[in-house]
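For reference, the structure is listed below as structure tokens.
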2 protein chains.
Amino acid sequence: MTTDPYNIACTHGFIQSSCSDCNLKGLCLPIAMDIKDIDKVDNIIKRSRPIQAGEHIYRTGDGFTSIFAVRSGSIKTYLLDDDGVEQVTGFYLPGEILGFDGIGTEKHGCNVMAMETSTVCEIPFERIEELSLQIPVLQRHFFQLMSQQIEADHQMMLTLSKKNAEGRVATLLLSLSRRFGRRNLSPNSLRLPMSRMDIGNFLGLTIETVSRTFSRLQKEGLIKVDGREIHINDHKQLQSICHASK
Amino acid sequence: MTTDPYNIACTHGFIQSSCSDCNLKGLCLPIAMDIKDIDKVDNIIKRSRPIQAGEHIYRTGDGFTSIFAVRSGSIKTYLLDDDGVEQVTGFYLPGEILGFDGIGTEKHGCNVMAMETSTVCEIPFERIEELSLQIPVLQRHFFQLMSQQIEADHQMMLTLSKKNAEGRVATLLLSLSRRFGRRNLSPNSLRLPMSRMDIGNFLGLTIETVSRTFSRLQKEGLIKVDGREIHINDHKQLQSICHASK
DNA sequence: CGCCCCATTGAGACGGCTCAACTTGCGTGG
DNA sequence: CCACGCAAGTTGAGCCGTCTCAATGGGGCG
């Protein structure tokens, strides 16, 4: 994709022309990978034009060909069941990788939508499989990424099954805080990329309950809420109400 | 492990000495795999002595070395959070593969316990990684297995987040029914391998609610319950109450 | 300005939880 | 052989947290 104008014309600050220049490579590529292998990966990656808020990257049933790394913005994945009920299954921030659904069936198993203007790196999976045969550390890396997804999903099952509204909201806030921190952003001041609707859907709560919970946490002084701007005043206490208790 | 007596002395009907003789190979190995490759896999697999009900195969924090295929019996996986609260994250039946947690961290991320006397095939993961470099169809297979695990976990998130007690129980029953059917057992008459406690824990319900729900489904004629013996009278109606609705 | 969407807050309803009593099946020991 | 204890499951009564429904507030945009 060296002819892709977005690789050359850097229309905004986030666009990078190669993985080795990308400040997110520590998040989405193996640390131990040497430069010429990074270049091999780099050569198969397609960098997208910006995706607008509300636009889909793929939908359930689309043929599976690629996985995606978030370069900028934020992405949600969600299921739609037969009755049209939506379940948000994950939020993805820059440096995080999504799209591991659908390898088994060759069809994607969920919908992927940008929550704000975003850019992604498209990584054709067949090419990754070929490369993985030559670069053991890359094969290992993708096994690890999928394993981490599985562990995160299991934690989410615990959250949905055993925690009350406060615990669920606090767990999400701390997860976002940690992931912001990993990108060298403040872990205490963050702007939620998702609506109350998406938060509630993800956490198995109504928007009213999410809103009331934010208000209560604010009244207790643990956080400061201003729309989507959240300031975390007391990480420890937030941690302590993450425990399971319905 | 050709010196393992359990490979030779077949103490009960389920023990098989090789993958190519195993009637579950259609479930845990790729269909398209040729015989000499199956033998290569076969050579790295360690077949265990029977594991008793309540015995652990591994626990959270144990070093990750292997994944496991269930050969007979039934297995549950569960998380323990800091307060000792348990979350059952999955039930595994013969032909199913578990243990994909912990590849990322090199430490297992959950606990694995036999729910009844069981046997498993231990598959050293580093050997699988080596073999996968030589046998592309095997690499693909393990990506597929992990992808399927992720999709199943996302369905579970929908179940926990959006369904009421009836929907959760019905969803579990139909999942078990389908998996029994895949092994050429009756999809209508099944013996639950797990206690009401485990069912409730998995589904985010108390045992009382599980019990009441079974009773209600029986009263409505959809199923017949006798302890752990379940007969499904009406698959279609059971399907129709699986929809999301809290 | 007026419209719409998102978020907040309140009042009442309801599903599942808690607590408690009782049943059943099973193994143990007298 | 029966008595007993124990674990697992069932059923009932009342409570509580979250949902539902409804009204209100605020910000962005034509």
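Lettering follows sequence order; numbering is per chain, from 1. Predicted model only: the values in this text are computed from it and were never measured.
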Give, for atom CE of A:Met115 and atom CE of A:Met194, the distance between the pair rounded to the nearest 0.5 Å.
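The distance works out to 4.5 Å.
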With a 4.5 Å limit on heavy-atom distance, are the side chains of A:Phe202 and A:Thr159 in contact?
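Side chain of A:Phe202 against side chain of A:Thr159, heavy atoms only: no contact under 4.5 Å found.
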Close side-chain approach of B:Phe214 and B:Ile230, heavy atoms under 4.5 Å:
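Side chain of B:Phe214 against side chain of B:Ile230, heavy atoms only: contact under 4.5 Å found.
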How close or far is atom [atom2] of [N] from atom [atom1] of [X], stated in whole angstroms?
X	N	atom1	atom2	value
A:Asn164	C:dG16	CG	P	17 Å
A:Asp198	C:dA7	CG	P	9 Å
B:Asp226	C:dT24	CG	P	13 Å
A:Glu166	D:dC16	CD	C1'	15 Å
B:Arg228	C:dC26	CZ	C1'	13 Å
B:Leu192	D:dA8	CG	P	15 Å
B:Lys163	C:dG15	NZ	P	18 Å
A:Lys162	D:dG17	NZ	P	18 Å

Can you identify which nucleotide, out of [options], has its nearest atom closest to the [X] side chain?
X	options	result
B:Val225	D:dG9, C:dT8, D:dT10	D:dT10
A:Arg196	D:dT18, C:dT8, D:dT10	C:dT8
A:Ser211	C:dT9, D:dT10, D:dT18	C:dT9
A:Ser215	C:dG16, C:dT8, D:dT10	C:dT8
A:Glu208	D:dT18, D:dG9, C:dG10	C:dG10

Test for a donor-acceptor pair under 3.5 Å between the base of C:dG10 and the side chain of A:Arg212, counting only N and O atoms.
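Under the 3.5 Å cut-off, the side chain and the base do form a donor-acceptor pair.
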Start at the 5' end of DNA chain D and walk down; is the nucleotide closest to A:Thr206 or to B:Met197 reached first?
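The 5'-side residue here is B:Met197.
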Say whether, by atom type as modelled, one donor and one acceptor occur between the side chain of A:Thr77 and the main chain of A:Val112 under 3.5 angstrom.
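No, because the side chain of A:Thr77 does not come within donor-acceptor range (under 3.5 Å) of the backbone of A:Val112.
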Are OP1 or OP2 of D:dC19 and a side-chain N or O of A:Thr209 less than 4.0 angstrom apart?
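True: A:Thr209 side-chain N/O within range (under 4.0 Å) of D:dC19 OP1/OP2.
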Base, sugar-phosphate alone, or nothing: which one does B:Gly200 contact when heavy atoms must sit under 4.0 Å apart?
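Contact class for B:Gly200: none.
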Indicate the atoms forming the closest heavy-atom contact of B:Ser161 with A:Gln87, along with that distance.
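In this case the closest contact between B:Ser161 and A:Gln87 is OG-OE1, 2.7 Å.
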